[in-house]
Amino acid sequence: MAHYEQCAAEGCTRRPRRRSRYCTTHYDRIRRNGSPHGRAIRKHELKPWRDIAAGWIGRNADHPAVVEACGYLAGLLEPTAGARFLGSEFDRLRSAGVTGADMLAAVIALWAWAEATGGRGIDDRCFDVNLGRAVLRCARQRIVSRSKSGKPDHKRVTGNHAGALGEELRLALGALPLVAAQRIVEEALGPERTRDRIREAMTEPFKSATDTD
């Protein structure tokens, strides 16, 4: 097996783990987030977009594409469907009363976050991992233990499993989440972006009364 002297992550000079191209820090990030420089998008970052996405879904509940998407996602919650992949996680969502519309709002929220922020630090694989986790966080995660101080330790889904789910969702839902995200981001940030464009344009000098063409 090849021996590496330096971590393969860009900009890292640490020594790799044994039998790995990456140091411990970047190896753990790959396992958790699918990318050596990736990160988990926090619930508080997505919540505003999720609320807006839920409103958009409500306004377009009768649209054929929304109906199909919600039906597909609700189908994942069926016992026979969930048993094949992350069965216990889908059981948890179903028991908590999560609906296909709830899951679609979580999906659109991540696309909206990426659209609004430019997807800082998120590559395609990391996006899939975050997409899978966003859906699985539609209901409170199970507590598997508590620390001595009482802090709960929740059951964690591996990056590989979350990424596989995210990839399946992305391929199945197609362009719908992106189109929805673009609409809600434009509605939410349109005035702000217009103000920014005007501010940038104001760097050009205005003509005075003494100027001639």
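The figures here come from the full heavy-atom set of this structure, side chains too, leaving out hydrogens, waters and symmetry mates. When a residue number appears, it is its place in the shown sequence, counting from 1.
With sequence neighbours excluded, the residues forming a ring pair (Phe, Tyr, Trp, His ring centres under 6.0 Å) with W111 are F127, listed by chain and number. Legend: residues meeting side-chain hydrogen bond (donor to acceptor under 3.5 Å, both in side chains) with T24, ordered by chain and number and at least two apart, are absent. With sequence neighbours excluded, the residues that form a side-chain hydrogen bond (donor to acceptor under 3.5 Å, both in side chains) with T99 are D102. By the side chain to side chain contact (heavy atoms under 4.5 Å, CB included) test, R21 pairs with Y4, A8, sequence neighbours left out. Under the side-chain hydrogen bond (donor to acceptor under 3.5 Å, both in side chains) criterion, R94 pairs with D91, sequence neighbours left out. Under the rule for a salt bridge (charged side-chain N to carboxylate O under 4.0 Å, His left out), the partners of R59 that lie at least two apart in sequence or sit in another chain are E187. Shown here are the side-chain hydrogen bond (donor to acceptor under 3.5 Å, both in side chains) partners of E68, two or more places apart in sequence or in another chain: there are none. For A139, the side chain to side chain contact (heavy atoms under 4.5 Å, CB included) partners at least two apart in sequence or on another chain are R92, L93, A96, V98.
You'll find the side chain of L178 reaches within 4.5 Å of the side chain of E115, heavy atoms only.
Across all their heavy atoms, L104 and A69 have their closest contact at CD2-CB, 4.1 Å. Of all non-hydrogen atoms in H26 and P36, the two that sit nearest each other are CD2-O, 3.0 Å. Annotation for P177 and L173: closest pair CD-O, 3.6 Å, computed over non-hydrogen atoms. The minimum heavy-atom distance linking I184 with A112 is given by the pair CD1-CB, 3.8 Å. Minimum heavy-atom separation, A61 to V67: O-CG2, 3.3 Å. Closest approach of C12 to C23, counting heavy atoms only: SG-SG, 3.8 Å.
No side-chain donor-acceptor contact under 3.5 Å links N60 to the backbone of H63. Counting only distance, with no hydrogens or angles, the side chain of E89 and the backbone of L136 share no donor-acceptor pair below 3.5 Å.
Hydrophobic cluster membership differs between L131 and V179, with clusters built from Ile, Leu, Val, Met, Phe, Trp and Tyr side chains linked at under 4.5 angstrom. One hydrophobic cluster, built from ILVMFWY side chains closer than 4.5 Å, cannot hold both I41 and V129; they sit in different ones.
Listed by chain and number, the hydrophobic cluster partners of Y27 are Y22, I30, where partners are ILVMFWY side chains within reach of under 4.5 Å, directly or through others.
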(message) Run Q6 and R15 through side chain to side chain contact (heavy atoms under 4.5 Å, CB included) and show every step you take.
(response) CA-CA 5 Å; Q6 185 172 306; R15 292 184 64 83; over 6 Å; no
(request) Decide side chain to side chain contact (heavy atoms under 4.5 Å, CB included) for L169 and L76; before the verdict, give the C-alpha distance in whole Å, the side-chain angles of both, and the deciding distance to 0.1 Å. (result) CA-CA 10 Å; L169 296 172; L76 296 179; 3.8 Å; yes
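Sorted by first and then second residue, the pairs that involve residues 124-137 and meet side chain to side chain donor-acceptor pair (under 3.5 Å), not counting sequence neighbours, are D128-R170. The salt bridge (charged side-chain N to carboxylate O under 4.0 Å, His left out) contacts involving residues 174-184 comprise nothing, where partners must be two or more places apart or lie in separate chains.
Taken to the nearest 0.5 Å, the OG1 atom of T25 stands 4.0 Å off from the CZ atom of R14. A distance of 10.0 Å separates CE in M103 from SG in C70, rounded to the nearest 0.5 Å.
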For a quick test of your reading: what N or O donor-acceptor pairs under 3.5 Å do the side chains of residues 42-55 make, sequence neighbours left out?
{"residue": "E45", "atom": "OE1", "partner": "R39", "partner atom": "NH2", "Å": "2.9"}
{"residue": "E45", "atom": "OE2", "partner": "R39", "partner atom": "NH1", "Å": "3.1"}
{"residue": "E45", "atom": "OE2", "partner": "R42", "partner atom": "N", "Å": "2.9"}
{"residue": "K47", "atom": "NZ", "partner": "D51", "partner atom": "OD2", "Å": "2.9"}

